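Just so it is clear, the model here is predicted, and its values are computed rather than measured. Positions are given from 1 along the sequence.
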Amino acid sequence: MYKNAVKHIISNTYEVDPLIHSNKDQRYGLSLIIRPPESVKTAIQMFLKELYNTAPNQYYYPATDIHITVLSIISCYDGLDSDVLHFPDYIALVKKSLKRIAPISITCKGITASPSGIMIQGFPTEPALNSLRNQLRANFKNSNLQESMDQRYLIQTAHATVCRFSNLLEHNLKFLTILESYRDHYFGAFNVDKLELVYNDWYHRRNKSKTLHEFSL
């Protein structure tokens, strides 16, 4: 994936998101997420500062918005009405899915990229995260609750998107040089102590999203 993204960056064929700064973007969804600790987010912000100094016109996630998606229960789409979702039922089903789930630990090491942005790589140190995802999928598929899990892609990683292309790059090669220098960079490791069920916009912006419930692990 990274090598393919590099080709797109060199050739200026990456995907510029025209909706990042638009007030007309009404894409919302429902997600279960992990927020990294401050130590990891601080290390990520140092990386983003380097990118910003070379490419200030791109969209960089503030520390408040950085997250790892456990599962997109309802993938973002234009027109999702929160009033028709009975959030207590979603909370109850997540609680049910968390029973007998082993502790989750994640190591954040290195970066990768796609044609639309830059991501921090996250590596679960045990199978508990994917076990939880499988349990959530099974429980939601057997419920009558609205969901659209895995319609876009099957989440198997623990990455965190931290940059999206919102304009054309002016210094492509310098931008790539910074990416290469962080290809195997260690951002930190942590034990997951809580999950958040969030009604979120496409970019998980804190001022446009709402945390519905926090689940302690």
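The two atoms that bring Leu197 and Ile73 nearest to each other are CD1-CD1, 3.7 Å, heavy atoms only. Summarising the geometry of Gln58 relative to Leu168, their closest heavy-atom pair is NE2-O, 3.8 Å, with the distance given to 0.1 Å. The minimum heavy-atom distance between Glu15 and Ser116, with the atom names listed, is OE1-CB, 3.7 Å. When every heavy atom of Pro103 is checked against every heavy atom of Ala128, the shortest pair comes out as O-CB, 3.4 Å. When all heavy atoms are compared, the tightest approach of Ser148 to Ser75 is OG-N, 2.8 Å. For the pair Leu195 and Leu98, the tightest heavy-atom approach, listed with the atom from each and the gap, is CD1-CD2, 3.7 Å.
For Glu214 (side chain) and Glu196 (main-chain N/O), no donor-acceptor pair under 3.5 Å exists by modelled atom type. No side-chain donor-acceptor contact under 3.5 Å links Thr69 to the backbone of Leu71. Between the Ser143 side chain and the Phe140 main chain, a donor and an acceptor come within less than 3.5 Å of each other. With Glu170 contributing its side chain and Ala55 its backbone, the two residues share no donor-acceptor pair below 3.5 Å. A distance-only check finds no donor-acceptor pair linking the side chain of Tyr28 to the backbone of Ser82 [under 3.5 Å]. Using a distance-only test at 3.5 Å, with no hydrogens or angles considered, no donor-acceptor pair links the side chain of Arg35 to the main chain of Lys194. Between the Asn139 side chain and the Lys141 main chain, no donor and acceptor come within less than 3.5 Å of each other. For the pair Asn191 (side chain) and Ser105 (backbone), a donor-acceptor distance under 3.5 Å is absent.
Asp65 pairs by the salt bridge (Lys or Arg N to Asp or Glu O under 4.0 Å) definition with nothing, not counting sequence neighbours.
In this structure, Asn144 places its CG atom where only 12 or fewer heavy-atom neighbours from other residues, nucleotides or ligands lie under 6.0 Å away. With a 6.0 Å radius and a threshold of 12 heavy atoms from other residues, nucleotides or ligands, Lys208 has its NZ atom above the threshold.
At a threshold of 4.5 Å between side-chain heavy atoms, the hydrophobic network of Ile, Leu, Val, Met, Phe, Trp and Tyr places Val198 and Leu129 in two separate groups. Under the 4.5 Å side-chain heavy-atom criterion for Ile, Leu, Val, Met, Phe, Trp and Tyr, Tyr52 and Phe175 are members of the same hydrophobic cluster. Phe215 and Ile33 end up in different hydrophobic clusters when Ile, Leu, Val, Met, Phe, Trp and Tyr side chains are linked at under 4.5 Å. Hydrophobic clustering places Ile91 together with Leu217 (ILVMFWY residues linked when any side-chain heavy atoms are closer than 4.5 Å, directly or through intermediates). Side-chain heavy atoms closer than 4.5 Å link hydrophobic residues (I, L, V, M, F, W, Y) into clusters, and following such links, even through other members, never connects Ile118 to Phe123.
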Q.
Pair Ser31, His67 - check side-chain contact (heavy atoms from CB on, under 4.5 Å), show working.
A. CA-CA 11 Å; Ser31 306; His67 66 281; over 6 Å; no
Q: Before giving the answer on side-chain contact (heavy atoms from CB on, under 4.5 Å), spell out for Leu145 and Leu93 the whole-Å C-alpha distance, their side-chain angles and the decisive distance to 0.1 Å.
A: CA-CA 10 Å; Leu145 298 176; Leu93 202 52; 4.0 Å; yes
Q: Go through Phe165 and Ile20 one step at a time and tell me if the side-chain contact (heavy atoms from CB on, under 4.5 Å) criterion holds.
A: CA-CA 9 Å; Phe165 298 120; Ile20 287 180; over 6 Å; no
Q | Evaluation steps, side-chain contact (heavy atoms from CB on, under 4.5 Å), between Ile66 and Val162 | A | CA-CA 7 Å; Ile66 292 174; Val162 294; 4.3 Å; yes
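For the pair Leu136 and Val70, the minimum side-chain heavy-atom distance is below 4.5 Å. Side-chain atoms of Gln146 and Leu85, non-hydrogen and from C-beta on, do get closer than 4.5 Å to each other. Under the 4.5 Å side-chain criterion, counting only non-hydrogen atoms from C-beta, Asn130 is not in contact with Pro124. Counting heavy atoms from C-beta on, the side chains of Ile10 and Asn172 never come closer than 4.5 Å. Looking only at side-chain heavy atoms (C-beta outward), Met46 and Lys49 stay at 4.5 Å or farther from each other. Looking at heavy atoms from C-beta onward, Gln135 lies out of side-chain contact with Lys96 at the 4.5 angstrom threshold. For the pair Val16 and Asn167, the minimum side-chain heavy-atom distance is 4.5 Å or more. Gln45 is listed as a side-chain neighbour of Leu48, based on a closest heavy-atom distance under 4.5 Å.
Separating the NE2 atom in His159 from the SG atom in Cys108 is a distance of 12.0 Å, to the nearest 0.5 Å. Between atom CD1 of residue Ile68 and atom CD1 of residue Ile34 there is a gap of 5.5 Å, rounded to the nearest 0.5 Å. Between the SG atom of Cys76 and the CH2 atom of Trp202 there is a distance of 6.5 Å, given to the nearest 0.5 Å. The structure places CZ of Arg133 at 12.0 Å from CD1 of Ile101, a figure rounded to the nearest 0.5 Å. From Ile74, atom CD1 reaches atom CG of Leu30 across 5.0 Å, with rounding to the nearest 0.5 Å. With rounding to the nearest 0.5 Å, the separation of OH in Tyr61 from OG1 in Thr161 is 5.5 Å.
Met119 belongs to a hydrophobic cluster with Met1, counting contacts under 4.5 Å between side-chain heavy atoms of Ile, Leu, Val, Met, Phe, Trp and Tyr, direct or through other members.
Here the two rings, on Tyr59 and Tyr203, have centers that are under 6.0 Å apart.
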For residues 176-190, run the donor-acceptor check on the side chains, cut-off 3.5 Å, and write out each pair with its distance to 0.1 Å, sequence neighbours left out.
{"residue": "Thr177", "atom": "OG1", "partner": "Leu173", "partner atom": "O", "Å": "2.9"}
{"residue": "Glu180", "atom": "OE2", "partner": "Tyr2", "partner atom": "OH", "Å": "2.9"}
{"residue": "Ser181", "atom": "OG", "partner": "Ile178", "partner atom": "O", "Å": "2.7"}
{"residue": "Tyr182", "atom": "OH", "partner": "Glu50", "partner atom": "OE2", "Å": "2.6"}
{"residue": "Arg183", "atom": "NH1", "partner": "Ile111", "partner atom": "O", "Å": "2.6"}
{"residue": "Tyr186", "atom": "OH", "partner": "Ala189", "partner atom": "N", "Å": "3.3"}

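Arg164 and Tyr60 share no donor-acceptor pair across their side chains, judged by distance under 3.5 Å alone. There is a side-chain donor-acceptor pair under 3.5 Å between His8 and Thr13. Residues Ser166 and Asp17 bring no donor and acceptor atom of their side chains to less than 3.5 Å of each other.
A salt bridge does not link Glu147 with Arg137: every distance from a Lys NZ or Arg NE/NH1/NH2 to an Asp or Glu carboxylate oxygen is 4.0 Å or more.
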